[in-house]
Amino acid sequence: MSRCMFIQNVIQAALKIGELTNIKIDNMRFQHRNADVGLENKKSSAPIVNSSVSAEQTEEYGFVAVAAGEGFEELFKEIGVSQVVSGGQTMNPSTDDILNAVMATPAKTVFVFPNNKNIIMAAEQTVNLADRKVYVLPTKSVPQGISAILSFNESASVQENLMEMQKAAESVHTAQITFAARDSEMLEQRIRKGQILGMEDGKVTLVDNDIVTAAYRTARRLVKKHNGTLVTVYYGKEADEGLTEQLVKRLSERFPNVEISAISGGQPVYYFIVSVE
């Protein structure tokens, strides 16, 4: 088991995911019961980001990540991210938003994880604007950002960490399940508004009428294509516990030797974001 996979298991246990079996629905229920209290505590202690504020550089390293969804925000905080910038698909933060987060991070060196290809350029603009060293990892999805941060080694050099974090990010493949916002033509077929779209690493590869079936088919293809051994299902605001349970069950039956878990991402737009490593 890789270091990144091991740390992910530890974090999942800390988040009360429960016994390490293929289906971890007990953890999902625990998260639902405790989300309000935990998130209120997070919000009350979160620093206010303001462009006129430059945090004292008391730490050697700090992290800034872009993510949408209370579950993802909480998870990033759990793994040591100083500032989480709200944003993602359809709601890209500006360079100023990211710069404010960098400046509010109390570190001499700040690593930024845009977690979306459309945000990378805005993040890169902060390199020459901040009063501290900034390095942007061109992560294209939230799972890539999570994996990259988990591979960070404080005893290694900046360049060594950049290489290892990039390698970790590139080892992650992401399935995203969303809906068609309007009628269109794609994949040589006509797509109706409201139909379910399955995306593999940002590219639409299938259309279906059922959320769980679309998620299962898309994730299955990624696992087979990349010989995945660790699958994490991040369920969004519009994916209830029943849908998530169905998806995890189908994946577990199809891949009995693959470790599969489910965590609340709380993300908008995407019913499911599935990480395959």
Worked verdict on F63 versus F152 for ring-ring contact (aromatic ring centres under 6.0 Å, His included): CA-CA 10 Å; F63 304 97; F152 181 80; 5.1 Å; yes

Side chain to side chain donor-acceptor pair (under 3.5 Å) partners of T105, counting only residues at least two apart: none

Under the side-chain contact (heavy atoms from CB on, under 4.5 Å) rule, collect the residues that match up with [X], sequence neighbours excluded.
| X | result |
| --- | --- |
| R217 | L206, D208, T213, R220 |
| E73 | V84, S86 |
| E185 | R190 |
| P138 | I120, Q166 |

Specify the closest pair of heavy atoms between [X] and [Y], including all atoms of both residues, with the distance to one decimal.
| X | Y | result |
| --- | --- | --- |
| V112 | A123 | CG1-CB, 4.1 Å |
| A148 | A169 | CB-CB, 4.3 Å |
| Y61 | A107 | C-CB, 3.4 Å |
| A180 | I191 | CB-CG2, 3.7 Å |
| V248 | A262 | CG2-CB, 3.9 Å |
| V258 | G228 | CG2-O, 3.5 Å |

Less than 4.5 Å apart, side chain to side chain, heavy atoms only: is that true for [X] and [Y]?
| X | Y | answer |
| --- | --- | --- |
| D131 | M103 | yes |
| L197 | I177 | no |
| P114 | E124 | no |
| Y234 | I146 | yes |
| T232 | P143 | no |
| K108 | E60 | yes |
| E200 | V276 | no |

Ionic contact status for E164 with K167, cut-off 4.0 Å: yes

Is [X] linked to [Y] within one hydrophobic cluster, defined over Ile, Leu, Val, Met, Phe, Trp and Tyr using a side-chain heavy-atom separation of less than 4.5 Å?
| X | Y | value |
| --- | --- | --- |
| V158 | F113 | yes |
| L150 | V172 | no |
| V81 | I273 | yes |

Could you tell me whether the side chain of [X] and the main chain of [Y] form a donor-acceptor pair under 3.5 Å?
| X | Y | result |
| --- | --- | --- |
| T178 | V269 | yes |
| K77 | S82 | yes |
| D201 | T174 | yes |
| S94 | D97 | yes |

With sequence neighbours excluded, residues passing ring-ring contact (aromatic ring centres under 6.0 Å, His included) with Y135: F111

Once rounded to the nearest 0.5 Å, what's the spacing between atom [atom1] of [X] and atom [atom2] of [Y]?
| X | Y | atom1 | atom2 | result |
| --- | --- | --- | --- | --- |
| D210 | I196 | CG | CD1 | 8.0 Å |
| K224 | L222 | NZ | CG | 11.5 Å |
| L137 | N161 | CG | CG | 9.5 Å |
| F255 | T229 | CZ | OG1 | 12.0 Å |
| R192 | N209 | CZ | CG | 5.5 Å |
| T205 | Q176 | OG1 | CD | 10.5 Å |

Side chain to side chain contact (heavy atoms under 4.5 Å, CB included) assessment of Y235 paired with S264: CA-CA 5 Å; Y235 54 99; S264 172; 3.5 Å; yes

Crowding at CD, E56 (>12 non-hydrogen neighbours, <6.0 Å): no

Atom CD of Q125: over 12 foreign heavy atoms under 6.0 Å: yes

side-chain contact (heavy atoms from CB on, under 4.5 Å), paired with L247, selected from L251, T244, L243: L251

Of N92, T139, T95, the residue whose pairing with I119 passes side-chain contact (heavy atoms from CB on, under 4.5 Å): N92

Test applied, side chain to side chain donor-acceptor pair (under 3.5 Å); reference residue, H173; option that passes from H226, E277, Q144: H226

Stepwise side chain to side chain contact (heavy atoms under 4.5 Å, CB included) test for N115 and F76: CA-CA 12 Å; N115 299 330; F76 273 122; 3.6 Å; yes

